[in-house]
Each structure stands twice: as C-alpha cells, then as structure tokens.
Amino acid sequence: VLTLLDAGEATIGSLATPRTIVAGDNSLLVTAALSRRRKSAGGIDRVRRSSTSCGGPLPCTVCLGTRETGDTNGDCVFTDADSLFLLQYLVNNVTTGLIPEQLSQFDVDTNSVVDVADAYFLHRVAGGLVNFLVNVSVLPVQANPSCTVAVNVTLLGG
C-alpha cells in the first residue's frame, strides 16, 4: 500500500509516520505511484493495451483477445472512453443494445448501484491514479498466528 486515504481522500500517515488500522469498518484506497507512468516523446502518455478491439460494430460479442476489466462500451479494451460511455448510459438512460459483458462492468465499486461514482472511478483508473483490485483475499486475525489481518490483492492498471 503506497497511500492510505480517509473518506475525504486526505492522507492518513506517511512512509515516515505509518498508521495502523486497528479495528472498525475501514476501507483502503490503493493508489499507484505516479512516477511509474511512462511518457513518449513530447510528453504524450503512451497507451498500453493487453487486448485488441474486435474491430466490428459495438458491442463486440466476441473479443480477439481477453475482454479487459472496465470495458463498459463493449470494444474489448479498457480506455477512458469506457468512463465516457458509462456517463452517457447514465444520462441518456440507454437500455437497449447492451450485452451482459458490458453490464457486468458498470457497477465498478460493487455497491449494487450504477452511478456517476462508477464512471469517475473508471476515469481515475484510465488515468493511472488508482487500480482495479481483483483476487481479494483476507486472512482474519483469528486465523493468523501473528495476530494481524493479512490482505492479498492483485492490482490491474488501466
């Protein structure tokens, strides 16, 4: 964890003065180090994609590679266009022409409500400010001999 933030996104502690979450209803926002972003000549951000767009009409029912997490517009890749698509979905109340693979990506924060906060989160992931968390596992204090909570996650960048 590089940064611990409270609900108002104010920093809690620092590397010099770390803070421990002792008990209660706590959540962590994991952020990536911004210095890891790569820029091409001229200072333009490079876009790295692990998948390829289907190249056909959207939404793609079959992707040429793996459909990326956050792909709300159905083109098989995750970009900031997905946050824009989700905003347009919310504003225009689009209900036709969507496929299950798209709908499964709409509730990014998994609170059972699709809203502007989901689009904002997608925008932040696309910008490299936060990451998707997958494969989350928690070993509670009762099951851990060191009397600590162990949290393991996989970070997916945008």
Side-chain angles (χ1 to χ4, degrees), residues 1-19 21 25-61 63-95 97-138 151-158:
V1 175
L2 300 175
T3 306
L4 216 69
L5 303 175
D6 64 15
E9 295 192 18
T11 302
I12 300 172
S14 68
L15 293 178
T17 56
R19 301 286 190 261
I21 295 176
D25 183 15
N26 298 295
S27 60
L28 297 176
L29 174 63
V30 179
T31 60
L34 295 178
S35 61
R36 292 183 182 178
R37 295 187 72 187
R38 295 181 182 164
K39 300 225 180 224
S40 61
I44 305 298
D45 285 351
R46 289 188 220 173
V47 177
R48 185 179 56 109
R49 295 183 179 160
S50 61
S51 297
T52 305
S53 177
C54 66
L58 298 181
C60 303
T61 54
C63 297
L64 299 176
T66 303
R67 187 178 301 271
E68 292 185 350
T69 301
D71 173 31
T72 62
N73 67 0
D75 67 353
C76 299
V77 296
F78 172 68
T79 65
D80 205 23
D82 293 294
S83 63
L84 178 60
F85 180 87
L86 187 54
L87 282 174
Q88 290 172 340
Y89 164 83
L90 291 167
V91 171
N92 298 324
N93 198 23
V94 176
T95 57
L98 300 173
I99 59 175
E101 292 83 358
Q102 285 177 278
L103 296 170
S104 69
Q105 299 298 314
F106 284 8
D107 185 21
V108 181
D109 57 14
T110 65
N111 67 350
S112 300
V113 177
V114 177
D115 57 15
V116 173
D118 294 302
Y120 178 59
F121 185 78
L122 288 173
H123 175 68
R124 293 180 68 201
V125 172
L129 300 175
V130 296
N131 294 287
F132 292 116
L133 300 179
V134 296
N135 304 324
V136 178
S137 67
V138 178
V151 179
N152 293 303
V153 300
T154 302
L155 299 177
L156 300 178

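- With values rounded to the nearest 0.5 angstrom, Asn93 atom CG is found 13.5 Å from Gln88 atom CD.
- Nearest heavy-atom pair, Phe106 versus Val114, reported as atom, atom and distance to 0.1 Å: CB-CG2, 3.8 Å.
- Using a 4.5 Å heavy-atom cutoff, the side chains of Gln102 and Tyr89 are not in contact.
- Panel note: side chain Asp82, backbone Asn73; a donor-acceptor pair is recorded below 3.5 Å.
- The minimum heavy-atom distance linking Leu98 with Val94 is given by the pair CD1-O, 3.9 Å.
- Applying the salt bridge (Lys or Arg N to Asp or Glu O under 4.0 Å) definition to pairs two or more places apart or across chains, none involves residues 111-121.
- Considering only heavy atoms from C-beta on, Asn152 stays 4.5 Å or farther from Val136 through its side chain.
- Val134 meets the side-chain contact (heavy atoms from CB on, under 4.5 Å) test with Thr154, Leu156; sequence neighbours excluded.
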Report the C-alpha distance between Val153 and Asn135 in whole Å, list the side-chain angles of each, state the deciding distance to 0.1 Å, and finish with yes or no for side-chain contact (heavy atoms from CB on, under 4.5 Å). CA-CA 5 Å; Val153 300; Asn135 304 324; over 6 Å; no
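- Scanning for side-chain contact (heavy atoms from CB on, under 4.5 Å) contacts around Glu101 gives Arg67, Ile99, with sequence neighbours left out.
- Taking the side chain as every heavy atom from C-beta outward, Cys76 and Cys60 approach each other to under 4.5 Å.
- Residues passing the side-chain contact (heavy atoms from CB on, under 4.5 Å) test with Leu64 are Thr52, sequence neighbours excluded.
- Looking at Thr69 and Gln105, their side chains come closer than 4.5 Å, going by heavy atoms from C-beta outward.
- Taking every heavy atom of both residues into account, Phe78 and Val125 meet most closely at CE2-CG1, 3.6 Å.
- Scored by the side-chain contact (heavy atoms from CB on, under 4.5 Å) test, Ser83 finds Asp80, Leu122, His123 as partners (sequence neighbours excluded).
- The OG1 atom of Thr66 lies 12.0 Å from the CG atom of Asp71; values are rounded to the nearest 0.5 Å.
- For the pairing with Phe121, the side chain to side chain contact (heavy atoms under 4.5 Å, CB included) check across Leu129, Val130, Asp109, Leu86 returns one residue only, Val130.
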